[in-house]
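Have a look at the structure below before the remarks.
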Amino acid sequence: MPTWNSRGLRGSFLEELVNMTNEKYQAQNLALVQKIPTPIKPITIDQATRHITLAYFEQKSTVDYIGVVQGVPVCFDAKECVEDRFPLSNVHEHQMKFMEQFEKQEGVAFLLLYFKKQDKYMYLRFQKLKDFWQRMQAGGRKSFTLDELEPEYEISTYSGTFLHYLEPLQMDLERR
């Protein structure tokens, strides 16, 4: 079983916050967004407890969340980082391709980022992420900093349990 500081639990704080937010949005009929589980292939199952003890990923995952907000299709990934620098290695090429295709189908793709050290939540538009990705592919930096992000896309939190990402999503839609 993973320990609290294991690689397998990175991002779990942010994901819990996003999950609670999505439940609240659904209860208020604002959005229907679901966490997409990563498909696994069980190899060994403990017969006594019926728990999977060994498995491998069956296929590459796309993004963490897919849904619809007031008729607008959305897909996004939730990522945490400790410092004020986000390594682009945390986003995979197949995820970039998926988000690009999603946007070509009139959907909105983005990242929700949590910078732990600064305790800041950011909405990163796909186009801005794509700019960072292209910079990396052209031989530039393999990361971006919090300072490079658009400050107007900082996400408000309410009572510490609600990550209101619909506000920056609305700004993203207005910019298109």
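All heavy atoms count here, side chains included; hydrogens, waters and symmetry mates do not. Given the structure is predicted, the values throughout are model-derived calculations rather than measurements.
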[atom1]/[X] to [atom2]/[Y] distance, rounded to the nearest 0.5 angstrom?
| X | Y | atom1 | atom2 | result |
| --- | --- | --- | --- | --- |
| K79 | L113 | NZ | CG | 9.0 Å |
| E152 | E154 | CD | CD | 11.0 Å |
| E103 | C75 | CD | SG | 7.5 Å |
| F115 | L149 | CZ | CG | 5.0 Å |
| F110 | Y123 | CZ | OH | 4.5 Å |
| M99 | H94 | CE | NE2 | 9.5 Å |

Heavy-atom pair of closest approach, residues [X] and [Y]:
| X | Y | result |
| --- | --- | --- |
| P87 | S143 | CA-CB, 3.9 Å |
| Q118 | D84 | NE2-CB, 2.9 Å |
| Q95 | T62 | CG-O, 2.9 Å |
| N29 | Q70 | O-NE2, 3.1 Å |

Is the closest basic N to carboxylate O distance between [X] and [Y] below 4.0 Å?
| X | Y | result |
| --- | --- | --- |
| K35 | E15 | yes |
| R176 | E106 | no |
| E148 | R141 | yes |

(message) Can a side-chain donor-acceptor contact be found between D131 and Q127 if the only test is distance below 3.5 angstrom?
(response) yes
(message) When you compare the side chains of Q170 and E174, does any donor N or O come within less than 3.5 Å of an acceptor on the partner?
(response)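 Judged by distance alone, the side chains do pair up.
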Flag, side chain of [X] to backbone of [Y], donor-acceptor distance under 3.5 Å:
| X | Y | result |
| --- | --- | --- |
| E80 | L14 | yes |
| D172 | R125 | no |
| K128 | E150 | no |
| T21 | L163 | yes |

Grouping I, L, V, M, F, W and Y whenever their side-chain heavy atoms are under 4.5 Å apart, do [X] and [Y] come out in a common cluster?
| X | Y | answer |
| --- | --- | --- |
| L112 | L30 | yes |
| F76 | M171 | yes |
| V68 | F126 | no |
| Y121 | M20 | yes |

(request) Only one of D77, V74, V18, I36 passes side-chain contact (heavy atoms from CB on, under 4.5 Å) with Y65; say which it is. (result)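 Testing Y65 for a side-chain contact (heavy atoms from CB on, under 4.5 Å) against D77, V74, V18, I36 leaves exactly one candidate, V18.
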(request) Assess the pair Y25 and F162: is the distance between their ring centroids shorter than 6.0 Å? (result)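 Distance test on ring centres: under 6.0 Å, yes.
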(message) Is the distance from the ring center of F86 to that of F132 below 6.0 Å?
(response)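 No: the rings miss the under 6.0 Å criterion.
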(request) For side-chain contact (heavy atoms from CB on, under 4.5 Å), just list the numbers for R135 and L88, CA-CA rounded to whole Å, side-chain angles, deciding distance to a tenth of an Å, and then say yes or no. (result) CA-CA 11 Å; R135 176 178 75 185; L88 286 164; 5.7 Å; no
(message) For I155 and Y114: C-alpha separation, side-chain torsions, deciding distance, then whether side-chain contact (heavy atoms from CB on, under 4.5 Å) applies.
(response) CA-CA 10 Å; I155 303 171; Y114 176 49; over 6 Å; no
(request) Please examine the side chains of E93 and W133, heavy atoms only from C-beta on, and report whether any two atoms are closer than 4.5 Å. (result) yes
(request) Answer yes or no: is there a side-chain heavy-atom contact under 4.5 Å between Q105 and P73? (result) no
(message) Tell me whether the count of non-hydrogen atoms from other residues, nucleotides or ligands lying under 6.0 Å of CD in Q137 goes above 12.
(response) yes
